[in-house]
Amino acid sequence: MAQPQRLVVLISGRGSNMEALLQAAQRRRWAARWGAQVVAVLSNRPQAQGLQVAAQHGVATEVVDHQAYPSREAFDAALAQAIDAHQPTLVLLAGFMRVLGAGFVARYQGRLLNIHPSLLPAFAGLNTHARALQAGCEVAGATVHWVDEGLDSGAIVAQAVVPVLPADTPETLGQRVLAAEHRLYPRAVERLLAAGL
Ligand code: GAR
């Protein structure tokens, strides 16, 4: 078998995409097929709900609290140190809500993926569902992309499309997109694993 694939997931909150990745890894036997496993879940927020979920799955968790650092650079350096301790082949941002500096991004170039709740390049940034409704979009969706130094601007790996319904609110649209995200992120990662990254 090729080199084992060590996946580290970064979260800030609920962690439902992280859980979808953990479930897919188990259900679809990523370890047996590609030697791939999620070796750690890291959060920048001590209260992130996803930390408990990861622990319930038996995955190591760690907090690098951004509030404990005087600058973005200091936080990025501490985060990189925590990540590197796990020697990951892929780092998966899953609802990780901190902007990462150019040095951090360069360090993980080609190994750093993100999931974003819009059909990029439309609606980078926040409040994507409200903005999609405001713009009158007939479809919405989610994007898995490589992270570069821009805001949600890296090369697209995979996308999922959902309809926008006439009665949608940002909440109802967000739920539909999130359900699509839970299918999309594991599918995108699995495709990369199958391709040998
Ligand atoms: C997801 O919708 C994800 O796409 C989004 O945050 C949510 C996290 O949910 N990420 C971003 O907006 C990144 N800019 P989760 O914690 O339940 O996975």
Side-chain angles (χ1 to χ4, degrees), residues 7-26 38 40-57 59 61-66 72 75-76 79 90-102 104-105 108 112-135 137 139-164 168-190:
L7 314 181
V8 166
V9 183
L10 269 53
I11 64 170
S12 295
R14 182 176 52 190
S16 69
N17 275 290
M18 171 215 67
E19 189 171 24
L21 289 163
L22 291 177
Q23 287 172 344
Q26 194 173 31
V38 176
V41 170
L42 273 49
S43 170
N44 66 306
R45 290 213 180 97
Q47 308 306 336
Q49 288 166 256
L51 289 169
Q52 286 170 24
V53 178
Q56 282 159 10
H57 282 263
V59 177
T61 63
E62 202 172 325
V63 174
V64 183
D65 184 349
H66 63 275
R72 156 102 59 83
F75 168 69
D76 282 3
L79 184 63
L90 267 186
V91 179
L92 307 172
L93 306 183
F96 186 74
M97 302 308 278
R98 300 295 296 175
V99 173
L100 296 161
F104 183 98
V105 170
Y108 297 103
L112 187 57
L113 282 177
N114 182 42
I115 187 159
H116 181 78
S118 79
L119 292 171
L120 291 172
F123 310 122
L126 299 174
N127 303 319
T128 53
H129 308 308
R131 289 158 63 205
L133 291 175
Q134 177 70 29
C137 293
V139 294
T143 303
V144 173
H145 65 95
W146 294 110
V147 177
D148 68 9
E149 61 286 346
L151 177 67
D152 302 322
S153 61
I156 291 169
V157 174
Q159 291 185 307
V161 180
V162 303
V164 175
D168 266 336
T169 63
E171 289 69 34
T172 59
L173 179 57
Q175 284 162 11
R176 196 173 309 119
V177 171
L178 189 64
E181 291 183 49
H182 295 163
R183 296 185 292 272
L184 176 68
Y185 213 174
R187 178 158 57 81
V189 170
E190 185 162 321

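Residues take their numbers from the sequence shown, with the count starting at 1. For ligands, and for the atoms within them, numbers begin at 1 and follow the listed sequence.
Among protein heavy atoms, the minimum distance from atom 9 (O) of ligand 1 is reached at Arg14 NH2, 3.0 Å. When only non-hydrogen protein atoms are considered, atom 13 (C) of ligand 1 lies nearest to Met97 SD, 3.8 Å. In terms of protein heavy-atom proximity, atom 2 (O) of ligand 1 is nearest to Glu181 OE2, 2.8 Å. Among all protein heavy atoms, the one lying closest to atom 5 (C) of ligand 1 is Pro117 CD, 3.8 Å. When hydrogens are left out, the protein atom nearest atom 14 (N) of ligand 1 is His116 ND1, 3.7 Å; that is the closest non-hydrogen contact. Among all non-hydrogen protein atoms, the one lying nearest atom 10 (N) of ligand 1 is Ile115 O, 3.7 Å.
The nearest pair of heavy atoms linking Val147 to Leu113 is CG2-C, 3.9 Å. Pairing each heavy atom of Leu100 with each of Val105, the nearest pair is O-CG2, 4.0 Å. Nearest approach of Val9 to Ala94, heavy atoms of both residues: CG1-CB, 3.8 Å.
Backbone and side-chain nitrogen or oxygen atoms of Asn17 are examined, and one is located within less than 3.5 angstrom of a nitrogen or oxygen of ligand 1.
By the 30° and 60° cut-offs, the orientation of the rings of His116 relative to His145 is perpendicular.
Closest heavy-atom approach to atom 16 (O) of ligand 1 among the candidates Ala94, Gly15, Gly95, Ser118: Gly15.
A heavy-atom distance below 4.5 Å is found between the side chains of Tyr185 and Leu21. At least one side-chain heavy atom of Leu126 sits less than 4.5 Å from a side-chain heavy atom of Met97.
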